[in-house]
Amino acid sequence: MSVISWAADQLDDWSKGRNPNPADSRHLIGSWAAKSLLQYFAVEWIVFLSWSDYAYLRNVVSDLGARGCHSVDGQTTCRSAFVAADLSFILIGVGVTVAALLTTSTVLRVGGRFARHEEEARLSRSEGNTDLTAAKRLIRHLGGEHEGRKLTRAHHLTTATRCAMAIAGLAVVGVGAFPEDLDGWGGVPWGHLISTSVFLVCAVLTLVLLGLLWLEPRPWPARILLALAGIATIDGALFLIKTVASMAGHPEVLGDLTGLYERGVIYGFIFGMAVMGWTLSSGAHRRPVAAGSGKHRVAEDCVTSLNGKRRPDSGSTTVPVSSTAA
């Protein structure tokens, strides 16, 4: 048996009886992981207060996580607040990665809406094809389709979104783990530079892909995500131009607004992830209640008793309410 056949068989067995829905525990945890990114704004402000010369418009976010070490009388001292900033970066990365891993393609594809989730499940069962080669089965499993249904544009967008989100999360962990003044090979902080570059690209890509994915099932969140993606794209381009110009010896290009340009990408991504989290959790809270049970059943009982009508599932009748009763 080849590795591809073995992997396809394992995924076939794993997917049997699997029925993820927006209200299960993994999706609730995933939605809260996405919303947890908002903690950064409180930490950023607290660390900012420990500085005397930090400017939001001028200084980049990574400056808050710099160790700021210097030697005085032979003793090396560093800023103490940088630890809080770096831990916040790492928590952002963990939150994004958890959200990408726990939010299934089935639920993300429909924006957490129960009605569409059930319709997608029905289509998968009715259009599923079991007469597939192991390679095609594996590809469709990896594309988020476990019944063998042919992959659609939404499947591909969902897979790309989750991949970009996971890479962005791992990159932010790298930003916190490798401060900007932690020298690497040749005295250059390669770990920080690579992590920051990968994050900025994947952050914009995640917003664009998720916005396009939700245009049909979740139009309003999709519009917000695409607006944030537009802002992040423009600011990201300005940040790149400013960085290249400064490295080329022209720091005056685009003014002294490096921090503003970078924050356009980072803040846009954080707000976008929060929008995703709230959208998914709102779908979980709007789970339809079966007719004749729960609150719907209580409402039925109240209405039938007031109208004096006979309940279809009961052998007794209710007493009509007199219109002249006091």
Side-chain angles (χ1 to χ4, degrees), residues 11 15 18 20-22 26-27 30-31 33-34 37 95-125 127-129 132 135-171 198-233 236 265 268-284:
L11 288 172
S15 62
R18 181 175 171 271
N21 71 75
R26 66 177 294 169
H27 290 99
S31 66
L37 272 62
V96 176
T97 306
V98 168
L101 294 177
L102 291 187
T103 307
T104 61
S105 297
T106 306
V107 171
L108 185 63
R109 191 162 62 244
V110 297
R113 295 184 62 180
F114 264 98
R116 290 185 176 274
H117 166 261
E118 293 170 354
E119 176 64 15
E120 280 284 306
R122 186 191 66 79
L123 286 174
S124 293
R125 288 191 295 268
E127 298 179 7
N129 186 351
L132 296 171
K136 287 185 177 181
R137 281 161 45 214
L138 181 59
I139 290 173
R140 294 187 184 186
H141 275 302
L142 296 177
E145 183 52 63
H146 305 295
E147 298 286 344
R149 177 184 169 200
K150 186 176 181 180
L151 297 180
T152 63
R153 175 176 176 271
H155 285 90
H156 298 308
L157 278 174
T158 305
T159 302
T161 300
R162 292 183 68 192
C163 289
M165 197 185 304
I167 295 172
L170 294 175
V198 172
F199 166 70
L200 293 176
V201 172
C202 289
V204 175
L205 193 58
T206 299
L207 293 175
V208 172
L209 292 172
L210 188 57
L212 293 175
L213 174 65
W214 280 1
L215 270 177
E216 201 267 331
R218 289 288 196 175
W220 276 109
R223 293 188 183 106
I224 296 173
L225 288 166
L226 290 176
L228 292 171
I231 295 171
T233 300
V265 182
F269 179 72
I270 292 176
F271 281 125
M273 290 298 297
V275 168
M276 185 191 89
W278 260 296
T279 301
L280 293 176
S281 58
S282 69

Considering all heavy atoms of both residues, which atom of [X] and which atom of [Y] are nearest to each other, and what is their separation?
| X | Y | answer |
| --- | --- | --- |
| P217 | V110 | CB-O, 3.8 Å |
| L280 | V107 | CD2-CG1, 4.3 Å |
| A232 | L207 | CB-CD1, 4.3 Å |
| G95 | A33 | O-CB, 3.5 Å |
| G111 | R218 | O-NE, 2.9 Å |
| A168 | A203 | CB-N, 4.3 Å |

What pairs with [X] under side-chain contact (heavy atoms from CB on, under 4.5 Å), at least two apart in sequence or on another chain?
| X | answer |
| --- | --- |
| K150 | R140 |
| L157 | R153, L209, L212, L213 |
| T233 | V204 |

Test log, rule side-chain contact (heavy atoms from CB on, under 4.5 Å), inputs L151 and I139: CA-CA 9 Å; L151 297 180; I139 290 173; 4.2 Å; yes

**Request:** Report the C-alpha separation of L102 and H27 in whole Å, then their side-chain angles, then the decisive distance to 0.1 Å, and conclude whether the side-chain contact (heavy atoms from CB on, under 4.5 Å) test is met.
**Result:** CA-CA 6 Å; L102 291 187; H27 290 99; over 6 Å; no

* With side-chain contact (heavy atoms from CB on, under 4.5 Å) as the test, would you mind laying out the steps for T106 and T158 before giving the verdict? => CA-CA 9 Å; T106 306; T158 305; over 6 Å; no

Quick one: pull up [atom1] in [X] and [atom2] in [Y] and give me the separation to the nearest 0.5 Å.
| X | Y | atom1 | atom2 | result |
| --- | --- | --- | --- | --- |
| T103 | M165 | OG1 | CE | 7.0 Å |
| R109 | T104 | CZ | OG1 | 8.5 Å |
| W214 | L108 | CH2 | CG | 6.0 Å |
| S281 | M276 | OG | CE | 10.0 Å |

task: Mark yes or no for whether R162, through its side chain, and L101, through its backbone, hold a donor-acceptor pair below 3.5 Å.
output: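 Yes, the answer is positive, given that a donor and an acceptor are paired below the 3.5 Å cut-off.
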
Under a 3.5 Å cutoff, is there a donor and acceptor pairing between the side chains of H155 and T152?
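Their side chains do contain a donor-acceptor pair, which is all the 3.5 Å distance test asks for.
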
Just list the side-chain donor-acceptor pairs under 3.5 Å for residues 219-229, sequence neighbours left out, or say none.
none

